[in-house]
Amino acid sequence: MSDPMRPKIEKPLPEISHVAFVVEDLEESMRRFGDLLGVEPWLVYRYEPPRLTDTTYRGEPAEYSMRVAMADVKGPIDAAASVAGGGTVKRLLGWLTSLRDLLGFGSSAGTGPDGSGDGEPPPGIPLPELPTPGIPGVNVELIEPLRGPSTYTEHLAEGGEGIHHVGCFAYDDPHAVVAEYEDAGIPVVQSGVFDGLEFWYLDMREALGGVILEVAANLTAIEEPDVVFPR
């Protein structure tokens with residue numbers, strides 16, 4: 001039975017294309033991701049005025065800034081072989097698997113995350129597959145907050161470093177998607193514009209087990225990075 005108090009969205013999530021972590025030290029984190037996961041090179045940007053504009057936090061205009069590093073992972077990542085011990089990757093895969101199930105995706109080959117048949121989709125409803133173990137190629141983002149209150153400083157104060165949000169950049173009409181979520185009671189907890197790239201953080205933490213979903217528009221507007229790491 002559906003919960004009448006639970007928001008319902010008609011537009012399905014087309015993909016998870018982005019995973020973002022909040023970190024204390026950007027350079028040290030880039031080194032760790034490179035050493036442990038082989039993720040590099042990183043494109044580094046400084047998000048601050050005048051390039052960063054129209055910023056909001058919890059529904060109000062706000063001034064904040066951050067440094068951001070982005071790298072692409074060419075998946076799938078094998079949870080058993082990527083890192084000795086596999087702890088970091090396994091936690092990430094487990095989190096993404098849980099998110100996939102919460103968002104209504106079926107487990108690969110009709111099995112649950114543990115290989116059981118619990119993930120078999122209902123008859124007559126084909127569901128997209130997400131490889132298990134492994135995730136498709138995604139963009140990984142590291143965020144070091146600099147100034148001002150934000151969801152990043154909030155995250156560090158409450159739980160320290162870790163996964164901050166996932167992003168979907170495959171919507172045909174991001175503005176309409178954001179409006180639909182807001183109409184359904186999912187607020188935009190933070191937003192801004194960087195070099196013409198618009199981003200919104202949809203606060204699903206209460207409704208969906210701690211998840212913030214980023215939706216973005218004009219992804220090709222962003223200019224060349226300030227630095228490439230390692231050089």
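Worth saying up front: this structure is predicted, and the values here are computed from it rather than measured.
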Using the rule that two of Ile, Leu, Val, Met, Phe, Trp, Tyr join whenever any of their side-chain heavy atoms come within less than 4.5 Å, decide whether Val193 and Val178 are in one cluster.
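No, it is not one cluster - the side chains of Val193 and Val178 are not joined through contacts under 4.5 Å.
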Is the shortest side-chain heavy-atom distance between Tyr45 and Met66 below 4.5 Å?
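They are not in side-chain contact.
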Beyond-backbone contact of Glu141 with Val19, side-chain heavy atoms, under 4.5 angstrom:
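Contact flag for Glu141/Val19 side chains = no.
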[X] side, atom [atom1]; [Y] side, atom [atom2] - distance, nearest 0.5 Å:
X	Y	atom1	atom2	value
Trp42	Ser29	CH2	OG	8.5 Å
Tyr64	Leu146	OH	CG	12.5 Å
Ile16	Asn139	CD1	CG	13.5 Å

Ignoring hydrogens and angles, write down the donor-acceptor pairs under 3.5 Å from the side chains of residues 220-231, residues two or more places apart or on other chains.
| unit_1 | atom_1 | unit_2 | atom_2 | d |
| --- | --- | --- | --- | --- |
| Asp226 | OD1 | Arg51 | NH1 | 3.0 |
| Asp226 | OD2 | Arg46 | N | 2.8 |

Among all residues two or more places apart in sequence or in another chain, which pass the side-chain contact (heavy atoms from CB on, under 4.5 Å) test with Asp25?
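Per chain and number, Asp25 pairs via side-chain contact (heavy atoms from CB on, under 4.5 Å) with Glu27, Glu28.
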Heavy-atom count check: over 12 atoms from other residues, nucleotides or ligands less than 6.0 Å from Arg205 CZ?
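Atom CZ in Arg205 is crowded, with more than 12 foreign heavy atoms closer than 6.0 Å.
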With a 6.0 Å cut-off (strictly less than), is the heavy-atom count around CD of Glu63, excluding the residue itself, greater than 12?
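It does not: Glu63 CD has 12 such atoms or fewer within range.
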Between Arg32 and Glu40 (salt bridge meaning N to carboxylate O under 4.0 Å), is one present in this structure?
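So Arg32 does not pair with Glu40 through a salt bridge.
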May I ask you to check whether Phe21 and Phe33 place their ring centers less than 6.0 Å from one another?
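Yes; Phe33 has its ring centre under 6.0 Å from that of Phe21.
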How close do Ala62 and Tyr57 get, counting heavy atoms only, and between which atoms?
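The answer is CB-CB, 3.7 Å.
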Do you know the tightest heavy-atom contact between Thr153 and Pro145?
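Looking at all heavy atoms of both residues, the shortest contact is CG2-CB, 3.9 Å.
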Decide whether Gln190 and Tyr152 meet the rule of one side-chain donor and one side-chain acceptor closer than 3.5 Å.
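A pair is found: one side chain offers a donor N or O, the other an acceptor, under 3.5 Å apart.
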Any donor-acceptor pair under 3.5 Å linking the side-chain atoms of Tyr171 with those of Glu15?
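Short answer, no.
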Which label fits His164 and Tyr201: parallel for a plane angle under 30°, tilted from 30 to 60°, or perpendicular past 60°?
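His164 vs Tyr201 ring planes: perpendicular.
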Any donor-acceptor pair under 3.5 Å linking the side chain of His18 with the backbone of Val138?
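Not confirmed, His18 side chain does not pair with Val138 backbone.
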Residues Val22, Glu161; criterion side chain to side chain contact (heavy atoms under 4.5 Å, CB included); working and verdict:
CA-CA 5 Å; Val22 175; Glu161 295 183 323; over 6 Å; no
